[in-house]
Protein chains: 2
Amino acid sequence: MVVYAGQGDPRRSIELLWRASVAEQRPGPKPGLSVDTIVDAAIEVADEQGMAFSMRAVGERLGRTAMALYTYVPGKNELVDLMYDRAMAELPATYSTEDGWRPAVTRWAHDMWEFYGRHPWMLQVSQARPVLGPHEFAVIEALAAILVPTGLPGRELRGIVGALHYFVRGAAQTVAEARAAGRATGEGDEEWWYARSAVLAELEPDLDKKFPMLHLLENDREPIDPELPYLENDAVENFRGGLKVLLDGVEGAVAKP
Amino acid sequence: MVVYAGQGDPRRSIELLWRASVAEQRPGPKPGLSVDTIVDAAIEVADEQGMAFSMRAVGERLGRTAMALYTYVPGKNELVDLMYDRAMAELPATYSTEDGWRPAVTRWAHDMWEFYGRHPWMLQVSQARPVLGPHEFAVIEALAAILVPTGLPGRELRGIVGALHYFVRGAAQTVAEARAAGRATGEGDEEWWYARSAVLAELEPDLDKKFPMLHLLENDREPIDPELPYLENDAVENFRGGLKVLLDGVEGAVAKP
DNA sequence: CGAGGTTACTTTACGTCGTAAGGAGTCGCA
DNA sequence: TGCGACTCCTTACGACGTAAAGTAACCTCG
């Protein structure tokens, strides 16, 4: 389920994101919860169960019913927006560029990679319309702060920032989903792959002849880390290789004006 | 909702994908449907309503109930796998490289871009575990056939192929979700953006000072196509710019051994 | 030609989800 | 002291995927 950001009342959403609500003295029973505790609990649930977590599960973790949450948060969509921005607070706000932009971008990419590994549900929040929260801004600001000093014009920088984001998200998504699928089915990668490729080889014996280039692509393969499962090794290799190519492209743009 | 591929019986899935079922004479009433008609109907529904289409909706389009589909297809997950592979059949199987690999890859990327625009739900099928259908293979084969002749080793090619895929998917996802969210909320991009940025400016007046680099990123902006909505222009610009950088990086790898 | 088995499709039902509606109890303030 | 705002609960609704069981159509074999 891809969750679309920002469908509700804009004012309410933005106010929640920037925590603009004033905690004045009010009549009625003391609130037992807060937006923050709810968001934290929801992130914990999502880390464990993925984006398909339920309001009931979040309520239960807090010793309440699902409906109790609706006192603090307009609905699940808005809660996801808040989770999204809150999680982003984990990421560094600045990167040192004293050894140049390239190592800094590399560190940024690795941080994002690991971050998405911790919070795979983040990858399922729609990117189309930004959540517009403070920490989301801070993350883009951090990357921009590395790249702006290269002197490239905004037009070019936006393309680069976009490509980096797309790339990191895509690469992270592959591992994240591999792990999630493994958990969901109780199958490890190896079993999954073996069961399918065996049937495929039986039903379609001359695959290599039908797709010769694909076959060539598959050679020269060595596990980066033999501890890691099959598909994850693949993903790590692709991440490193792809990032290198991308940054080489950026280097070209920086070198010649 | 991200749908995880290949959770069911491997043999049944692969047989369906490669259409290995034999249409022999069998007792009982004549089948009024077929896997193909169901997959086609499901694709139509998904094109209109997104990945959150329902089995009931697909059945209705065929003048049946939801349960009728289960005679032909084990479940919704498997149906999505079939839709995924079937839609991929629209894409070209080969690209001419007579003018070099770069224009060919560019054509490939644009084809993918437009394809995802036609079938945005494709972007929500999990990429972690390949569907392993014939047309999915064909699409990768087409890209591999462009890149293998550059002489780069498999290890490097996989990184490049991965990066291209991630990039195109990411860029396409941004527009696709912008459109989907627009349809879902009945808001155009402009209204959405305006409502939010107005509230944001009011609540957080000195954003530009808090995120100075972000502000610099935003200058030098001109619509590529004034007919297109706001976010879509952004996405097109990012796509072109990002693809250029990526291909520059590939060029570097090809040039020096 | 008629019985029996197999198949296509339907109806009904279950457990899940997000959340609307209404009520019970709690507290600040007049 | 009581009004009204507030938190949180119970109940309920309509959506979803799909399991189970029933009905009717059709082929095959006697």
Side-chain angles (χ1 to χ4, degrees), chain A residues 1-5 7-9 12 21-38 41-42 45-46 49-83 121 124 184-185, chain B residues 1-5 7-9 12 21-38 41-42 45-46 49-83 121 124 184-185:
Chain A
M1 156 170 39
V2 166
V3 177
Y4 293 112
Q7 290 180 17
D9 174 30
R12 180 84 192 274
S21 60
V22 203
E24 19 168 67
Q25 203 62 312
R26 284 138 108 250
K30 293 266 154 58
L33 303 176
S34 69
V35 174
D36 287 278
T37 56
I38 290 176
V45 175
Q49 315 189 356
M51 178 87 299
F53 73 94
S54 71
M55 296 298 271
R56 284 170 174 88
V58 177
E60 202 165 343
R61 177 166 298 237
L62 295 166
R64 305 290 140 94
T65 65
M67 290 312 293
L69 310 180
Y70 285 83
T71 309
Y72 301 89
V73 152
K76 195 185 180 186
N77 284 325
E78 288 81 359
L79 175 55
V80 169
D81 283 1
L82 292 170
M83 294 162 63
W121 50 270
Q124 288 169 250
T185 59
Chain B
M1 152 170 44
V2 166
V3 176
Y4 294 112
Q7 291 181 14
D9 175 28
R12 180 85 191 273
S21 60
V22 204
E24 18 166 70
Q25 203 62 314
R26 284 138 107 250
K30 293 263 155 60
L33 302 176
S34 70
V35 174
D36 288 279
T37 57
I38 289 176
V45 175
Q49 317 189 353
M51 178 86 299
F53 74 94
S54 71
M55 296 297 270
R56 285 170 173 87
V58 177
E60 202 165 342
R61 176 166 297 238
L62 295 165
R64 305 290 141 94
T65 65
M67 290 312 294
L69 310 179
Y70 286 82
T71 312
Y72 300 88
V73 153
K76 194 186 181 186
N77 284 326
E78 288 80 358
L79 175 56
V80 170
D81 285 0
L82 292 171
M83 293 162 62
W121 50 270
Q124 288 170 249
T185 60

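Chain A is the first sequence line, chain B the second, and so forth, proteins listed ahead of strands; every chain is numbered from 1. Since the model is a prediction, treat every value here as computed from it, not as a measurement.
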Think B:R26 has a side-chain N or O under 4.0 angstrom from the OP1 or OP2 of C:dA8? yes
Base, sugar-phosphate, or nothing for B:T65, non-hydrogen atoms under 4.0 angstrom? base
Residues from residues 67-75 of chain B sitting under 4.0 Å of DNA chain C, heavy atoms only? B:M67, B:A68, B:T71, B:Y72
Report the distance from atom OH of B:Y70 to atom CE of B:M55, rounding to the nearest 0.5 Å. 4.0 Å
Of all heavy-atom pairs between A:V58 and A:I38, which one has the smallest distance, and what is that distance? CG1-O, 4.1 Å
Distance-only donor-acceptor test (3.5 Å): side chain A:R64, base D:dT7: no
Find the distance B:K76:NZ to D:dA19:C1' and express it as a whole number of Å. 17 Å
Could you state the atom-to-atom distance from CD1 of B:I38 to P of D:dG17 in whole Å? 14 Å
Over all atoms of both residues, closest heavy-atom pair of A:Y72 and A:P31: OH-CB, 3.5 Å
Should B:K30 be listed as having a side-chain N or O under 4.0 Å from OP1 or OP2 of D:dC27? yes
Specify the residue among A:G63 and B:S54 whose closest nucleotide of DNA chain D lies further upstream toward the 5′ end. A:G63
Looking at B:F53, does the NZ or CZ of B:K76 lie under 6.0 angstrom from its six-membered ring centre and within 45 degrees of the ring axis? yes
Rounded to whole Å, the CD-C1' distance (B:Q49 to D:dA15) equals 13 Å
Nearest to the side chain of A:L33, which nucleotide is it out of D:dG4, D:dT7, D:dC8? D:dC8
Can you find a pair of side-chain heavy atoms, one from B:R61 and one from B:V45, that are under 4.5 Å apart? yes
Looking only at heavy atoms, the pair that brings B:L62 and B:L33 closest together is CB-CD2, 4.1 Å
What is the distance, to the nearest angstrom, from the CD atom on A:E78 to the C1' atom on C:dT19? 12 Å
What are the two closest non-hydrogen atoms of A:L79 and A:A42, and how far apart are they? CD2-CB, 4.0 Å
In this structure, how many angstroms lie between the P atom of D:dC8 and the CZ atom of A:R56, rounded? 18 Å
